[in-house]
*Asks:* 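Pasting a structure below so you can have a look.
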Amino acid sequence: MVIKEQISLKNITDNTTVRLLKIDAGAALKSRLSAMGLLPGTQFKVINNGHPGPFVISLKGSRIMLGRGMAAKIFVRPI
Amino acid sequence: MANETKKITVALTGNPNSGKTTIFNSLTGMSRHVANWPGVTVEKIQGRCNYKNYQMDIVDLPGTYSLTAYSDEELIARNFILTEKPDVVVDIIDSANVERNLYLAVQLMELNVPLVFAFNMSDEAARKGLIFDIETFSTLLGVKIVQTIGNKRKGLDSLLDEIIAVSQDKQQDYAARVKYGSEIEDELEKLRAVLAVQPQAIAADKSRWLAVKLLEQDGDILNQFSSPELNDTLQASIKHLRGIFGEEPETIIADRRYGFISGACQETIKNTVEIRHNRSDMIDAVLTHRMFGLPIFIAMMYIVFDLTFRIGKYPMAGLEYFFGILGRFIGGFWPHGQESLFKSLILDGIIGGVGGVMIFLPNILLLFMAIAILDGTGYMARAAFVTDRIMHKIGLHGKSFIPMLIGFGCTVPAIMACRILENRRNRITTILVLPLFSCGARMTIYALFIPAFFPLQWRGAMMLAIYFIGIIIAVIAAKILRITVLKGEATPFVMELPPYRMPTFKAIVIHMWERGWMYLKKAGTVILVISVILWFAGNFPRPDVNASNLADSVAARQHILEYSITGRLGKVLEPAFRPLGFDSRVITAMIGALAAKEVFVAQMGITYAMSEHDDVSVLRSKLRQDYTPLQGFCIMLFCLISAPCVATIAATRTETGKWGWAIFQWVSLTTAAYVITLAVYQLGTLLSGAIN
Ligand SMILES: Nc1nc2c(ncn2[C@@H]2O[C@H](COP(=O)(O)OP(=O)(O)OP(=O)(O)O)[C@@H](O)[C@H]2O)c(=O)[nH]1
């Protein structure tokens with residue numbers, strides 16, 4: 001896989017669809033995100049890059065809110 | 001006997017917002033019973049449902065997305081299922097979001113327990129254009145599925161029928177249906193082989209689940225099984241899998257679960273229309289708008305606050321009136337003019353104490369009505385979104401904003417409102433700093449002192465300053481707590497934004513009722529006991545009032561107070577509080593105010609032998625004679641920071657589950673008050689000395 005394309009989620013603008021590449025976080029947080037459906041390979045759409053507030057994404061039909069700190073730890077590729 | 005009732009136990013699980021509580025309420029009606037799970041502050045809700053000739057004891061497990069060992073809620077849910085072995089586990093699934101909700105469902109299948117799936121919200125799913133082939137779905141998963149609409153009570157009888165059917169036929173192997181791919185399956189086999197020779201007895205139907213949990217490096221399971229042999233096998237497996245996939249086994253297993261889910265969904269769900277979240281997105285565009293979001297939130301909070309305290313005033317006045325009449329009625333049993341101790345105990349100690357407990361009830365009921373509405377409509381999640389950017393700077397969750405705001409009205413309902421915070425550290429931090437938000441009762445102290453010492457044009461600013469000092473200390477205290485006693489990974493902010501919904505009237509009423517009852521039962525008793533103790537301290541030992549020549553009762557009251565434990569304590573403590581500018585009268589009033597902050601004003605009145613007919617301005621002018629403005633300010637400052645009232649202590653103890661936190665809160669706030677007031681008074685005296 002070409003790694004150079006990965007961008008931190010916090011730099012993604014509204015209404016962009018992306019694919020999740022990797023999450024830079026501890027096991028607890030990764031597991032929590034998996035339970036909400038956020039796993040490497042998952043596709044989702046950024047609904048609101050609410051700088052400076054939290055993020056809203058649309059994933060498998062539901063809306064999920066992420067803190068900005070977390071968005072910085074999630075790496076994606078726009079598709 | 002054909003008609004003998006059979007007893008079965010049923011556990012309800014489900015994601016947050018799947019409609020679990022709604023279904024639980026419909027099944028159990030008013031037979032519900034709320035307690036806390038042992039050792040943690042997660043609620044344990046139980047109820048009973050009689051159906052056909054079955055008596056079902058239903059337990060509402062905490063709403064979770066998963067069954068890991070990372071959170072209290074998930075551990076509780078999973079341990080309940082494993083150790084209590086309910087006859088049937090019902091997973092409430094939001095069928096409008098079926099893929100995500102099935103993640104928990106698959107983990108329940110892994111646990112190999114008797115299962116029924118309720119595909120709830122089927123009205124919303126239909127509106128979204130989702131059509132399910134329930135029969136095929138059920139065959140693919142091997143689990144019975146019932147479609148329900150929780151808030152319209154549709155499908156509940158079929159659900160109960162399936163529960164009964166499953167309770168009679170438990171010979172199902174759900175776990176084998178979830179496949180993780182050959183690489184992982186191979187490792188699972190190796191682990192199961194080693195598990196089989198462990199000293200611990202392992203039920204055959206749980207060994208697959210245990211192997212999966214070991215691969216996921218589940219802390220709780222690793223602690224239970226830690227033989228060198230098992231460890232070696234596990235490390236080898238994990239290393240092997242990392243090598244193949246370049247990921248942690250945990251991630252791969254999660255990925256395989258979703259794979260299994262989407263496989264099942266593809267075959268059984270047809271999506272006919274493409275409208276999703278349209279309405280909710282439109283509302284969100286306004287309510288979480290970058291500029292309007294915060295003002296709208298503030299307006300909403302204003303309404304909540306107003307509702308709680310302004311409307312709450314009327315039932316509170318009613319209660320006060322009622323207790324007044326009750327007091328006079330009971331007082332009437334004693335001949336006029338005769339002062340008996342027993343009378344005082346009944347009137348001031350007990351009726352006063354019960355009144356003191358009841359007086360909070362209207363606020364609590366109204367506040368929880370407002371919270372139930374905010375939560376039920378889905379606005380609460382948006383409020384957290386809007387306030388998060390402010391709150392996370394002090395290490396708290398956006399939702400902490402709500403209890404803090406309520407704290408300006410009264411600390412007791414504010415502490416109870418902390419239940420909306422899921423994270424334990426957040427909840428406790430917020431509870432601990434809440435007394436620093438000046439409540440309505442402390443307002444009475446400021447209202448007495450500020451006009452006594454400050455000229456008219458300074459009064460408003462003084463009042464604001466006092467409020468702000470409280471807020472600033474609270475922010476600092478929260479920060480300190482979050483890096484010391486309540487240290488922990490900054491809570492990851494991940495939350496689902498549920499679509500906007502209309503809450504049901506029944507859900508709101510049940511919520512209010514439950515909170516009100518819990519308050520009376522748990523906090524009420526503590527408040528009552530401490531009030532009686534404080535009454536005792538304020539009345540004993542007793543001088544012989546009738547014998548001494550204190551004709552008027554005003555002087556008698558002053559004398560009784562001075563002679564009592566409280567009054568003596570005031571004198572004993574005087575040297576310790578001299579450096580703060582307090583004399584024994586102030587300290588005596590403060591000890592009395594431990595019961596409730598507003599008592600301070602009344603006690604100052606007694607120590608100055610004010611009669612009830614005197615105007616406050618008389619008291620103010622006496623205060624002005626005896627104290628400097630600096631002393632006045634220091635008294636207010638100390639009242640603000642120190643010694644949260646009895647009701648607050650009781651609420652903290654109930655809501656944190658431990659006396660330890662309540663004591664910690666009381667001691668640290670009082671110590672902080674002492675140190676800060678000392679510094680202010682000493683510096684102030686020095687400065688004024690320098691100026692003169
Ligand atoms: N349209 C629709 N709404 C429902 C259904 N079941 C429940 N609701 C509503 O969904 C909202 C959330 O329901 P709750 O029962 O509080 O959900 P919960 O799963 O207990 O959620 P938490 O309390 O957050 O754990 C309420 O406003 C219910 O009235 C349903 O089948 N259809």
Side-chain angles (χ1 to χ4, degrees), chain A residues 1-3 6 8-10 13-17 19-76, chain B residues 15 17 64-71 74 94 96-101 103-104 107 128 130 216-219 246-248 250-255 257-258 262 271 276-277 280-281 284-285 288 290 293 381-382 384-389 392 398 489-499:
Chain A
M1 194 182 281
V2 192
I3 304 290
Q6 66 182 33
S8 157
L9 180 59
K10 70 173 207 284
T13 47
D14 292 5
N15 294 316
T16 314
T17 304
R19 186 183 298 283
L20 204 160
L21 298 179
K22 110 177 168 213
I23 301 172
D24 248 348
L29 182 48
K30 271 191 184 168
S31 138
R32 174 115 170 109
L33 292 174
S34 320
M36 314 274 300
L38 273 170
L39 279 171
T42 328
Q43 208 172 301
F44 60 86
K45 192 164 134 190
V46 175
I47 298 291
N48 184 348
N49 175 331
H51 35 197
F55 246 79
V56 182
I57 62 171
S58 164
L59 168 76
K60 293 189 176 44
S62 52
R63 294 287 183 269
I64 291 171
M65 205 161 36
L66 302 167
R68 272 198 91 71
M70 194 149 353
K73 295 177 186 164
I74 296 176
F75 293 90
V76 297
Chain B
N15 285 16
N17 292 309
T64 62
Y65 291 103
S66 184
L67 290 176
T68 65
Y70 292 119
S71 79
E74 295 180 22
D94 170 4
N97 275 308
V98 75
E99 283 203 47
R100 278 231 353 269
N101 275 250
Y103 189 72
L104 175 66
Q107 294 186 66
K128 273 191 177 180
L130 301 175
E216 287 187 314
Q217 301 175 67
D218 181 286
E247 281 283 358
E248 288 299 311
E250 204 184 339
T251 310
I252 309 156
I253 291 173
D255 189 60
R257 289 185 187 126
Y258 279 113
S262 69
N271 193 346
R276 294 188 161 198
H277 274 274
S280 277
D281 276 347
D284 270 341
T288 64
R290 266 164 220 175
R382 276 77 184 180
F385 174 96
V386 170
T387 50
D388 188 60
R389 47 184 111 157
H392 91 225
E489 199 181 332
T491 33
F493 188 89
V494 207
M495 235 176 115
E496 196 178 348
L497 277 181

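The chains referred to below are lettered A, B, ... by the order of the sequence lines, with proteins before strands, and numbering in each begins at 1.
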*Asks:* Residues in side chain to side chain contact (heavy atoms under 4.5 Å, CB included) with B:Ala69, at least two apart?
*Replies:*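 With neighbours one apart ignored, the set is B:Leu75, B:Arg78, B:Asp218, B:Asp220.
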*Asks:* Given B:Arg257, which of B:Glu250, B:Glu99, B:Glu216 fulfils the salt bridge (charged side-chain N to carboxylate O under 4.0 Å, His left out) condition?
*Replies:*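 Exactly one option meets the salt bridge (charged side-chain N to carboxylate O under 4.0 Å, His left out) with B:Arg257, and it is B:Glu216.
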*Asks:* By a 4.5 Å heavy-atom criterion (distance strictly below it), what part of A:Ala27 contacts chain B: side chain, backbone, both, or neither?
*Replies:*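 Interface part for A:Ala27: both.
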*Asks:* Taking the six-membered ring for Trp, are the ring centroids of B:Tyr258 and B:Tyr103 within less than 6.0 Å of each other?
*Replies:*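 Close enough - the centres of the two rings lie under 6.0 Å apart.
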*Asks:* Name the region of B:Glu247, side chain, backbone, both or neither, that has any atom closer than 4.5 Å to a heavy atom of chain A.
*Replies:*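 Answer is side chain: those atoms of B:Glu247 sit under 4.5 Å from chain A.
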*Asks:* Listed by chain and number, what are the ring-ring contact (aromatic ring centres under 6.0 Å, His included) partners of A:Phe44, not counting sequence neighbours?
*Replies:*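 Partners of A:Phe44 by the ring-ring contact (aromatic ring centres under 6.0 Å, His included) criterion come out as none, since no residue qualifies.
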*Asks:* Do B:Glu496 and B:Arg100 sit within salt-bridge range, that is, some charged N less than 4.0 Å from a carboxylate O?
*Replies:*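 Result for this pair is yes, salt bridge flagged.
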*Asks:* Between B:Thr68 and chain A, with a heavy-atom cut-off of 4.5 Å, which part of the residue counts as in contact: side chain, backbone, both or neither?
*Replies:*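 For B:Thr68, the side chain is the part near chain A, not the backbone.
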*Asks:* Which atoms of A:Ile57 are under 4.5 Å from chain B, going by heavy atoms: the side chain, the backbone, both sets, or neither?
*Replies:*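 Interface part for A:Ile57: neither.
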*Asks:* Chain A heavy atoms under 4.5 Å from B:Tyr70: which part of the residue, side chain, backbone, both or neither?
*Replies:*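 Just the side chain, heavy atoms under 4.5 Å.
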